[in-house]
Amino acid sequence: MEEILYKSTRSHQAPIKASEAILKGLSGDGGLFVPERIPALDVDLKTLSRMSYKEVAYEVMKLYLTDFTEAELRNCIDRAYDSKFDTEEIAPLTAAAGAYYLELFHGATIAFKDMALSILPHLMITSARKNQVKDDIVILTATSGDTGKAALAGFAGVEGTKIIVFYPKHGVSPIQEKQMVTQKGYNAYVVGITGNFDDAQTGVKKLFNDEELGKEMAAAGFRFSSANSINIGRLVPQIVYYVYAYTRLLAAGKAAEDEPINVVVPTGNFGNILAAFYAKNMGLPIRKLICASNENKVLYDFFAEGTYDRNREFVLTSSPSMDILISSNLERLIYRISGDDADKTAAFMAALGREGRYEITPEMRARLGDFYGGYATEKETAAAIKRIYDDCGYVIDTHTAVAASVYESYKARSKDETKTVIASTASPFKFTRSVMNAIDGNYDALDDFALADELSRLSGVAVPAAIEEIRTAPVLHTRVCGRDEMKDVVKEFLGLS
Ligand SMILES: *Cc1c(COP(=O)(O)O)cnc(C)c1O
């Protein structure tokens with residue numbers, strides 16, 4: 001197997017091994033690590049269609065994590081995709097209302113971040129051992145709701161790690177907040193910030209680049225790493241389920257060999273859809289990558305006009321995990337369509353930091369033909385939930401509904417009848433109130449748990465264990481800070497102040 005090294009999107013520093021990129025998270029120059037080239041699948045789809053999720057995961061991930069031994073990688077996969085998931089399929093594919101829903105919510109926190117965050121701690125610990133790192137790894141994460149709990153669930157109690165999660169105090173759902181603030185584990189710390197997700201993410205990025213803090217930490221035996229979707233240890237496991245989904249269609253006789261499919265992804269930080277783009281570039285027969293945004297439609301505008309512009313009002317929607325104005329992972333696509341030009345990418349990102357916008361060149365725009373950008377309003381999102389429920393009794397969450405709505409309008413406009421997989425990124429039980437209100441708005445008097453019982457009755461699906469557990473769990477984290485206090489909070493938690 002050919003070795004794949006990772007380079008930064010923003011400079012010409014010497015490329016590093018996968019395990020080093022996983023440990024570092026973000027490049028020292030502020031750039032994101034990208035593989036020097038995207039490897040091709042080396043097992044045919046027919047053979048993959050006879051494999052389990054774990055086996056497919058190995059066949060995909062081995063191509064990217066080339067400095068992991070087979071035993072190391074298989075061990076990480078075995079520890080991640082076990083009984084934490086409520087089905088052995090790990091990511092089942094459900095046909096409903098004219099599309100295939102790839103259910104990425106069967107893990108510990110019933111949302112798709114579990115797919116990568118259940119394996120990341122193991123990839124990190126393995127990477128640390130391989131690189132003789134003796135420091136404790138401090139995971140610093142900004143979350144718009146789901147990443148936080150999924151990272152906490154992955155890292156809590158993992159020896160040699162600490163995890164600090166910042167979330168927008170008024171920007172996550174009540175169930176999301178309850179999931180985080182009830183987190184157990186001596187090594188876990190959860191803090192609300194008085195700001196939105198972008199404030200939290202910008203603050204975290206600043207801390208990563210704070211040299212003075214880095215030195216203080218090193219002296220005390222700590223080093224930062226990132227569990228955010230910028231870490232290639234997050235990106236690579238996400239490629240797996242697109243390959244898996246395709247091979248399940250093949251196995252079920254729903255797709256002919258090499259028949260192209262479309263993929264629709266409800267998008268925020270651009271991590272999930274970037275993984276689908278990588279899968280396509282590995283040789284998976286994907287025709288269109290349909291990028292679905294909510295009313296924070298910065299990506300829709302980008303695909304329509306070639307200008308990325310975050311200077312706009314931030315809208316709080318019923319799909320909070322997509323309420324994002326800076327889609328960090330887009331940088332990897334920008335790098336690619338610039339022809340792997342680090343100087344150009346760095347200049348765009350500098351403009352984004354300075355002016356909040358940048359405009360790509362016509363040549364770059366011409367390379368975006370694989371993508372279709374769409375968005376759904378709040379009304380359209382709710383209507384999609386109701387339509388699909390009325391149509392076949394299948395209940396989807398608000399994020400997935402953004403994708404379903406965008407897919408519906410794409411199909412009406414394009415007449416494209418290609419078989420389509422929609423990434424279903426959260427269980428409807430995670431956003432129960434919005435989901436129930438969309439189906440029929442008569443539930444205002446019920447609390448979130450009573451609502452979950454009602455949704456269970458309506459959908460015929462049992463209330464997931466992740467919800468049952470927090471019904472009675474005590475709140476363990478109450479700290480709230482301003483966005484200027486994040487550094488103090490980190491130092492306090494690490495005993496550095
Ligand atoms: C994080 C998240 C998204 C957005 O995924 P990105 O990789 O950030 O684009 C969509 N839906 C849910 C439920 C999420 O948690």
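For the numbers below, each heavy atom of this structure counts, side chains included, while hydrogens, waters and symmetry mates do not. First listed ligand is number 1; within each ligand, the first listed atom is number 1.
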Please identify which of these residues, Lys169, Lys149, Lys430, meets the salt bridge (charged side-chain N to carboxylate O under 4.0 Å, His left out) condition with Glu177. Lys169
Has ligand 1 got any nitrogen or oxygen that is less than 3.5 angstrom from a nitrogen or oxygen of Lys113? yes
Establish, yes or no, whether a centroid distance under 6.0 Å links the rings of Tyr81 and Phe85. yes
Check ligand 1 against Phe270 and write out every atom of the ligand that is under 4.0 Å from a heavy-atom position of the residue. 6 (P), 8 (O), 9 (O)
Considering only the protein, which heavy-atom contact is closest to atom 11 (N) of ligand 1, and what is its distance? Thr425 OG1, 2.8 Å
Taking the six-membered ring for Trp and the single ring otherwise, decide whether the centroids of Tyr101 and Tyr394 are under 6.0 Å apart. yes
Is there a donor-acceptor pair closer than 3.5 Å between any side-chain N or O of Ser27 and the backbone N or O of Ser8? no
Closest non-hydrogen protein atom to atom 8 (O) of ligand 1, residue and atom name please, with distance? Asn269 N, 2.7 Å
If we only count N/O pairs under 3.5 Å, is Phe431 in contact with ligand 1? no
Residue pair Ser225 / Lys24, side-chain heavy-atom distance below 4.5 Å: no
Please state whether Pro266 comes within less than 4.0 angstrom of ligand 1, counting heavy atoms only. yes
If you measure from each non-hydrogen atom of Lys430 to ligand 1, which part falls under 4.0 Å: side chain, backbone, both or neither? neither
So the atoms of ligand 1 within less than 4.0 Å of a heavy atom of Thr267 turn out to be 9 (O)
